[in-house]
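Quick notes on the structure that follows.
Reminder, nothing fancy here: chain letters follow the sequence lines and each chain counts from 1.
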Amino acid sequence: MSTFSAPKGIPEYFPPSSAAFSTVRDTLLRSAALAGYGYIELPVFEETALYARGVGESTDVVSKEMYTFQDKGGRSVTLRPEGTAGVVRSVIEHGLDRGQLPLKLCYAGPFFRYERPQAGRYRQLQQVGVEAIGSDDPALDAEVVAIGDAGYRAIGLTGFRLEITSLGDTNCRPAYRELLQEFLGRLPLDEDTRRRAEVNPLRVLDDKRPEMQALLADAPLMVDHLCDACREHFDRVKGYLVDLGVKFTENPRMVRGLDYYTRTTFEFVHDGLGAQSGIGGGGRYDGLMAELGGQPLSGIGYGLGVDRTVLAAEAEGLTVGDQARCDVFCVPLGDAAKDRLVAVAGALRAAGVRVDLAYGGKGLKGAMKAADRSGARYAVVVGERDLAEGAAQLKELSSGDQRPVPLVDLVGAVHEALALPTP
RNA sequence: GUGGGUGUAGCUCAGUCGGUAGAGCACUGGGUUGUGGUCCCAGGUGUCGCGGGUUCAAUUCCCGUCACUCACCCCA
């Protein structure tokens with residue numbers, strides 16, 4: 001006999017822990033909405049060439065981590081490994097960049113990378129992202145960073161840090177890249193690292209091995225070789241971050257795995273997670289619109305990992321999301337009471353109250369236990385005796401206080417007891 | 001792709017120096033003919049990951065395999 005299991009490396013969220021997941025996602029989205037980012041919902045797969053061109057052939061994401069397959073029409077399609085390329089494609093396709101700029105968009109959903117799973121690394125990962133397209137104003141860079149930071153803080157996280165740097169642009173990065181390659185060429189590198197030095201020399205800089213870090217101590221850094229325009233841009237971004245009260249540290253060796261990044265790049269790092277410590281990251285991509293066939297507009301965005309943010313909240317001991325399934329739990333004693341409470345539950349829900357009821361003819365003890373486990377603040381108990389009097393017993397579960405309420409007034413009484421806004 | 005660790009009840013795990021297995025949690029009922037969260041009592045489940053080998057006998061020892069997991073790599 002065989003049973004089914006979820007595909008390898010894919011996390012699933014179900015009650016009660018799913019409350020933390022959805023609350024984290026919604027809170028991160030809310031932070032973006034507060035800055036005027038409009039919601040965009042996009043396909044979870046695109047034609048493969050979009051990622052090859054947009055993200056970069058040389059990246060690990062494209063070269064070995066994509067879920068790529070042929071559809072029945074013989075087209076090569078790929079489950080989205082990240083969000084920016086798809087957003088930019090949609091912006092170009094639908095001419096969203098013809099109106100007021102910057103165009104500000106946010107999204108949430110699953111992304112897919114074929115990697116070996118481990119703590120905090122999944123094959124289906126959930127991100128909340130934003131993209132702001134059509135302005136290279138450094139204040140916009142600061143805004144994007146700040147709403148990411150604000151999103152984490154709204155969840156209650158405090159144990160993370162923000163690292164930023166500038167990767168330069170097409171004006172200054174090629175010269176720096178040569179300088180770095182020249183430097184790396186003089187080092188005794190192993191074969192893998194030497195290959196990386198040729199394909200993407202910047203990535204050699206954040207090698208974790210201590211002996212490599214020692215070798216790289218005197219390596220030239222991009223931030224020391226920025227052109228005047230990039231230098232000024234970076235300085236102004238940092239100035240705005242100070243104005244916004246966002247704390248950050250500079251990490252001149254930070255590297256991003258996607259080729260499109262230019263100038264400002266940043267990462268949110270949490271130390272409570274094990275090896276996969278990045279909970280979110282992003283940056284500028286000033287060449288991407290043109291690369292994908294659109295106007296030569298600049299852009300900046302981020303992707304925040306919902307799964308890892310949930311893990312970070314757990315690591316900090318935070319309780320995120322409403323742990324209660326409902327506000328009121330109905331306990332009927334006998335068939336007549338049950339018939340009445342089924343209707344009462346419907347009326348309460350119509351008034352915006354979350355209600356559950358003891359189904360299946362549970363005994364009183366069992367029904368009260370179910371009420372307790374549901375997390376409800378109140379139980380509504382109705383038996384034959386109450387029915388005869390036209391009353392229900394409204395019991396506050398935390399205190400045990402119970403009082404009779406006329407059945408006809410129950411919706412109003414519950415509404416008042418829960419202090420809900422009047423409809 | 002490369003290493004290490006672990007597979008026993010729905011969950012978290014104990015255990016058997018080889019004689020087919022247990023505790024807590026959870027669930028259901030009762031103690032309380034109409035009151036939960038504490039307490040007490042009762043109830044049920046396991047192809048001991050899978051396949052092969054050694055043995056009178058394997059969940060235990062050996063080999064293989066698969067799965068999960070952590071780390072490298074890379075990233076959210």
#### Entry: Nearest-0.5 Å distance, CZ of residue A/Phe45 to OG1 of residue A/Thr68
12.5 Å
### Message
Heavy atoms only, 4.0 Å cut-off, all strands: where does A/Lys395 land among base, sugar-phosphate and nothing?
### Response
base
#### Entry: Within 45° cone of A/Tyr359 ring axis and under 6.0 Å: A/Lys362 NZ or CZ
no
#### Entry: A/Arg308 side chain, from C-beta outward: closest of B/G36, B/A76, B/U35
B/A76
#### Entry: Candidates B/A26, B/A76, B/C75 - which lies nearest the side chain of A/Arg373
B/A26
#### Entry: Donor + acceptor pair across side chains of A/Glu131, A/Thr84 (<3.5 Å)
yes
### Message
Need one value for A/Gly303: base, sugar-phosphate or nothing, where a base atom within 4.0 Å counts as base even if backbone is also close, heavy atoms only.
### Response
sugar-phosphate
### Query
Would you say a side-chain N or O of A/Gln118 is under 4.0 Å from OP1 or OP2 of B/A71?
yes
### Task
Return the value, rounded to whole Å, for the distance between atom CZ of A/Arg123 and atom P of B/C73.
18 Å
### Message
Would the base of B/U35 count as contacting A/Gln402 through its side chain, where contact means a donor and an acceptor less than 3.5 Å apart?
### Response
yes
### Task
Look at all strands and tell whether A/Phe111 reaches a base, only sugar-phosphate, or nothing, counting heavy atoms closer than 4.0 Å.
nothing
## Note on the structure
Applying the 3.5 Å cut-off to both distances, the Watson-Crick or G-U partner of B/G44 turns out to be none
### Query
Hey, is the side chain of A/Asp372 pairing donor to acceptor with the base of B/G36 inside 3.5 Å?
yes
### Query
Hey, does the Lys NZ or Arg CZ of A/Arg161 hover above the aromatic six-ring of A/Phe248, less than 6.0 Å from the centre and inside 45° of the axis?
no
### Task
Answer with base, sugar-phosphate or nothing: what part of the nucleic acid does A/Ala371 contact at a heavy-atom distance below 4.0 Å?
nothing
### Message
On the side chain of A/Lys362, is there an atom forming a donor-acceptor pair with the base of B/G29 - under 3.5 Å, no angle test?
### Response
no
### Query
Using a cut-off of less than 4.0 Å, is there contact between a side-chain N or O of A/Arg116 and OP1 or OP2 of B/C70?
no
### Query
Is a donor-acceptor contact shorter than 3.5 angstrom present between the side chain of A/Glu115 and the base of B/A76?
yes
### Query
Does A/Arg196 put a side-chain nitrogen or oxygen below 4.0 Å from OP1 or OP2 of B/C73?
no
### Task
Looking at every strand, decide which applies to A/Leu125 at a 4.0 Å heavy-atom threshold: base, sugar-phosphate, or nothing.
base
### Query
Would A/Asp386 and A/Gln393 satisfy side chain to side chain donor-acceptor pair (under 3.5 Å), going step by step from the backbone distance to the final call?
CA-CA 8 Å; A/Asp386 306 297; A/Gln393 303 296 327; 2.9 Å; yes
#### Entry: Note: A/Asp149-A/Arg153 ion pair, threshold 4.0 Å (strictly below)
yes
### Query
B/A71 pairs with which nucleotide, Watson-Crick or G-U wobble, both distances below 3.5 Å?
B/U2
### Query
Using a cut-off of 4.0 Å on non-hydrogen atoms, how would the nucleic acid contact of A/Glu65 be classed: base, sugar-phosphate, or nothing?
sugar-phosphate
### Task
Give none if B/G64 has no partner; otherwise give the nucleotide forming a Watson-Crick or G-U wobble pair with it, both distances under 3.5 Å.
B/C50
### Query
Who is the Watson-Crick or G-U wobble partner of B/A9, with both distances under 3.5 Å?
none
### Query
Within the pair A/Arg121 and B/A71, is there a side-chain N or O less than 4.0 Å away from OP1 or OP2?
no
### Message
At 4.0 Å (heavy atoms only), tell me whether A/Gly400 reaches a base, stays on the sugar-phosphate, or touches nothing.
### Response
base
### Message
What is the separation between atom CE on A/Met368 and atom C1' on B/G34, rounded to the nearest whole Å?
### Response
10 Å
### Query
If we call it a pair only when both distances are under 3.5 Å in a Watson-Crick or G-U wobble match, what pairs with B/C56?
B/G19
### Side-chain donor/acceptor contact of A/Arg203 with base of B/C75 under 3.5 Å
no
### Query
Looking across every strand, which nucleic acid part, if any, lies under 4.0 Å from A/Gln126 by heavy atom: base, sugar-phosphate, or nothing?
nothing
### Message
Working note: A/Tyr176 + A/Gln181, criterion side chain to side chain donor-acceptor pair (under 3.5 Å); need CA distance, chi angles, decisive distance, verdict.
### Response
CA-CA 9 Å; A/Tyr176 164 72; A/Gln181 274 177 326; over 6 Å; no
### Task
Using a 4.0 Å heavy-atom cut-off across all strands, classify A/Arg113 as base, sugar-phosphate, or nothing.
base
